Every structure is written in structure tokens, then in C-alpha cells.
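Here the structure is laid out as C-alpha cells; the discussion comes afterwards.
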Protein chains: 2
Amino acid sequence: MARTATTAAAAPARRAVGRPSKGAIKKEAIVAVALEQIDKVGVYAFSLRDVARSLDVYPATIYWHVNSKDALLADVAGAVMQEVTPPRGKSSWQVWMRDLFFRYRAAVQKHPNVAQLIGAQLVSNSSLRTDLIDGVLIALLEAGATEENLLEAYNCVISSLIGFMTMELAPMPSEEVSQWADALKERVRSISPLDHPTLARYLPKLANKAFIVRWQNGTEVPLDSSFSANVEIFIAGLEGFLQKKTRAVAASETRKPRS
Amino acid sequence: MARTATTAAAAPARRAVGRPSKGAIKKEAIVAVALEQIDKVGVYAFSLRDVARSLDVYPATIYWHVNSKDALLADVAGAVMQEVTPPRGKSSWQVWMRDLFFRYRAAVQKHPNVAQLIGAQLVSNSSLRTDLIDGVLIALLEAGATEENLLEAYNCVISSLIGFMTMELAPMPSEEVSQWADALKERVRSISPLDHPTLARYLPKLANKAFIVRWQNGTEVPLDSSFSANVEIFIAGLEGFLQKKTRAVAASETRKPRS
DNA sequence: ACCTGAACACCGTTCAAGT
DNA sequence: ACCTGAACACCGTTCAAGT
């Protein structure tokens, strides 16, 4: 992989520049084991010493291949992000973007515990997925983005893309889950219809399927229809945002829109 | 506060039911100190032993007032979430919702490190902010939500509300930030205009202001205009989503819309 | 270049025992 | 009811030293 060379270029020459030299293999093994561990025990309980144990080496060994725990986590996030960017086909930007959203969902559903890494942590330095950024920009320009609103539109794409899944797969309070679930259910049951008639009325519809009122996360209760809704809402909203010309002008002068 | 009594009701009677008895004061002091610590060192470096030191007590003392580190973090998140729900005034649902978004932003900007707690962690059990959920439901019903789409719309509100800020305030790789920033800047500079012409072209516009291509987070470089765009995109998209009747019917029969 | 072996300075949590 | 004092089983990271 060319990535080894790229990394070495930026790094303080900690590794030989030329061949992988079996070191590259070890590095990827470490990332693979780390991903396995995270899948198994979650980001919270994940430890470098565990991956060292899995590889039958001393903890310090890990540090020859990787600069820190954070750097390893970044690599793990990058690994999961591979292949989410759809190929730039002949389809419309809406189709491409929908594809992007669902590919991200599929990727992160395979490794649910990595969602919080991508969403809330580094976001995601080393994994600077050039093709993703490029693809989004191209789609946005095709959608009519201008110099004035490209940045904003881009940020909205990324946050919508990642935000929902981060929440859908957010880890539930560890350990005594059932006990906690019972407590939450009880609280849900005890909501006063007098103080909160609307909430009380619709609670049965929301229970365990709506953010804040659920006791299982997306690995056990996937929120498919809500995710789809989010995609459609975002794309429709984005269309409107990119169509409208500079707000102040449009509002004050009321020109004929060139749709 | 009545909250003490409520907590005791659900909990296994670990505290006397009647008066605060000075214990309630201690509990709130713990949460306050924890919030201070998190503001100072971040969620990652936050430790129970530090709050114990700040309060001049033994670590074990904390455990009389709080069940676990996670529970404490949940309480901290709850504290920050207080007062984000706007009062249910006479305004339109759009105005109320915009208000909600900007109040949340203001609240979490005061405690940026808590954003990842709210976004990626528990979401947010104990802090089950009844008034928030109720308010969102009321707004959605006013907007025309039906039995069929209320759940989806609700989930989209929550994820849009929280998702953007979680990313805007996501912690940058700790410690040697400047070193890391330089590396990222270098990589940004070295992007090949041949492989990625679009990206290369617009990179100056994105640099340090766009997700994935920034080396400072929202505490140092706030993304105000992008946040506003996100609010407008979401609300506009939501309007469309709630307006449209059952998709299949509308598509196949092409009835006159009763707008 | 890659790994060992050991150490440092921390953690969260538990538990008997005090008052 | 509330806190002490000490212990248990861990961490991430560093560093001389080996090969």
C-alpha cells in the first residue's frame, strides 16, 4: 500500500521509507485486532494491553508501530470508513448522496462501536478520506452550490451523514442494562398525563424506538424508517437551500427566481 | 428540588426520602465539580479521583453519592441540558424549533467538552428531559405530523439538534495539537490537483472551517454560518416531509394537494 | 529495525471499619 | 447516614536493554 510511504513522509522517520519490511504487516494486524476488540468490548473498555495480549507481545511493542492509543483509534476509524464513498457514476447528485448515506450506515452497522469514534472523537484526522470530501463537493456543485454556500452545505452533509448514526448506535449505559432499562421503563410509565398530555399520549409509539426514550440502541433496535426519513428530509432541505439565492436580496427585492 | 425525591423513588432506597439532609447538597456539589473538571481537562482525562481531590475527600466517598462514573457523567450531561427547552409560547412551530436549536448551541458552547457526552454516550437516560420531548412532539403535531410519521420526525429532530454540535465541538487529538495541525496542513497542501481537481480548487475555502479538514474545533473556530444553514435545511426539509401524504398514494394517484 | 522486561504514575471500584 | 483507609485489578506510556 502506498499509505505506508505517505505516513512515513509526514512522520519523523520512524520507519524505513522503502519496503513494507514486514513492519507494515504488523501494523495492519494491530489495527485489525483493535477493531475486533472494539467490536467485542466497545471503545470504552478497549485497551492497548488487550491487543498486546491478543498478539502475544508486550504492551510496549505496540508503541513501536503506533504513536498512541488515540492514533490507533484513528486508524480503526479510518479502516471502517474505507469503501463508504460511492463511485462517481452517471447518476444524479441526489442518488449519489442517498447512496453515500446508506453506505455509511451499512459500514458502521458492521462495527457499531466505531460510530462514536467517528462521530465524537477525532473526525478523523489521519483517515482524511480525500475521495469522500471530493465526492461530496462534486455532488454539491452539481446540485447548484456556489462559492457562497459550498462550505456550509458541505458541513451540513457531513454532520447529517454522521450525526444520526452516532446517536442511533450510541452505547447504552454499560453493565446492568436490564436493571437500568427497567428503571427507565418505570419512569416512562410514571409520566403524568396531566403535566405532559402530549407525551403521555404518544409514548407507546416512541418507547424504545425514539432517542432519549429507548433502552436499547441501534444494534438491537435499528431505526430504519427514521434513518430514511432523515435522508429524505436532509436532501429535500438541501435542495431548497442551494436553490435560493442570497437571502437578503431575494427577500428585499423579490426578483423573479431563475429556477 | 423535587428531583431528589424523584431519584430516591426509583433508586433502591439508598437515601432518606424526606429532606435534603445536606446529602443533596453534596451530590450537587459533586456534579458541579465534575462539570468544572470536564470543562478544564475534557471528558477523556476526567477522573473521579480528581473530583475527590477537589472536594478533599477519599475517592470512595464519591461512591456513596453516585453509583458509578457513568452515572455521574449522565448527571453532568443532564445539568447542561437544563434550560435548553424553550417555553411554549404563542409562536409558530418553526420559530420554537429554531429557538430550540440555538438554545442548545448556546448551552453546549458554555461547556464544549460535554457535547460528546450528550451526543455519543448515554443519550441520556437519567436526564430524560420530559419537557424537551414533550415540546418537540407538540411542535411536530402543530407542524402537521401524523400517527404515521411522528416517530420518524421526532428522531430526526433530536439527531439534527445534537449531531451538528457533537461534530463541531468534537475534541481534536490531544496534546501535540500544533504538530498534528502542521501535518494535516501539509497533507492538505499536498493534495494532487490531478487526482482531485475539485477538492484542490475549493480547499482554501474549506481549510480549518470544514469537518475533516480542520485542525481546530468549534471552541476556537465556531461554525456559525454552517450551523444556521443546518437549522434552515432541516426545518425546510421537515416541512416537506410532514406535508407529503402517504408517499405511495400521492405518487400513484396524483391527487390535488390540499395545501 | 523490532521487541523485551520492568518500571512509573495513574485509574475505577469494593469493602471492612470507623463515627 | 456518611466517610476513612486500604486494597484489588487494572490502565497508557516510557525507557534502557537486548537481538
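Values in this document were obtained by computation on a predicted structure and should not be read as measured data. Every chain is numbered from 1, with letters handed out A, B, ... down the list of sequences. All values below were derived from every heavy atom in this structure, side-chain atoms included, with hydrogens, water molecules and symmetry-related copies excluded.
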Which dot-bracket string describes DNA chain C (Watson-Crick N1-N3 plus N6-O4 or O6-N4, or G-U N1-O2 and O6-N3, all under 3.5 Å; [ ] crossing; | other strand)?
||.|||||...|||||.||

In short, side chain to side chain donor-acceptor pair (under 3.5 Å) pairs touching residues 155-173 of chain A with sequence neighbours left out are A:R105-A:E168, A:N155-B:S226

Rounded distance (Å) that lies between atom [atom2] of [N] and atom [atom1] of [X]:
X     : N     : atom1 : atom2 : value
B:W64 : D:dT4 : CH2   : C1'   : 15 Å
B:L55 : D:dC3 : CG    : P     : 10 Å
A:Y58 : C:dT4 : OH    : P     : 7 Å

Could you work out, with side-chain contact (heavy atoms from CB on, under 4.5 Å) as the rule, every residue matching A:P86, not counting sequence neighbours?
A:W96, A:D99, A:L100, A:R103

Tell me, please, which residues at least two apart from B:S225 pass side-chain contact (heavy atoms from CB on, under 4.5 Å).
A:E152

When the side chains of residues 35-42 of chain B are checked against the rest of the protein, which donor-acceptor pairs come out under 3.5 Å, sequence neighbours left out?
from: B:Q37; atom 1: NE2; to: B:S54; atom 2: OG; distance (Å): 3.2
from: B:D39; atom 1: OD1; to: B:H111; atom 2: ND1; distance (Å): 3.1
from: B:D39; atom 1: OD2; to: B:H111; atom 2: ND1; distance (Å): 2.7

Check ring pair (Phe, Tyr, Trp, His ring centres under 6.0 Å) between B:F102 and all other residues, then give those that pass, not counting sequence neighbours.
B:F227

Between C:dA9 and D:dA9 - P atom distance, rounded Å
22 Å

For D:dA1, take OP1 and OP2 only and decide whether either is under 4.0 Å from a side-chain N or O of B:H65.
no

N or O in side chain of A:T61 less than 4.0 angstrom from C:dT4 OP1/OP2
yes

For B:T219 and B:N217, does a side-chain donor sit closer than 3.5 Å to a side-chain acceptor?
yes

Can you list everything that forms a side chain to side chain donor-acceptor pair (under 3.5 Å) with A:D195? Sequence neighbours excluded, please.
none

Generate the contact string for nucleotides 8-19 of chain D. Rules: B means base contact, S means sugar-phosphate contact only, - means no protein heavy atom under 4.0 Å.
---BBBBB----

Pairs under 3.5 angstrom only: tabulate donor-acceptor contacts from the side chains of residues 46-53 of chain B to other protein residues two or more places apart or in another chain.
from: B:S47; atom 1: OG; to: B:R49; atom 2: N; distance (Å): 3.4
from: B:S47; atom 1: OG; to: B:D50; atom 2: N; distance (Å): 3.0
from: B:D50; atom 1: OD1; to: B:R53; atom 2: NE; distance (Å): 3.3
from: B:D50; atom 1: OD1; to: B:R53; atom 2: NH2; distance (Å): 3.1

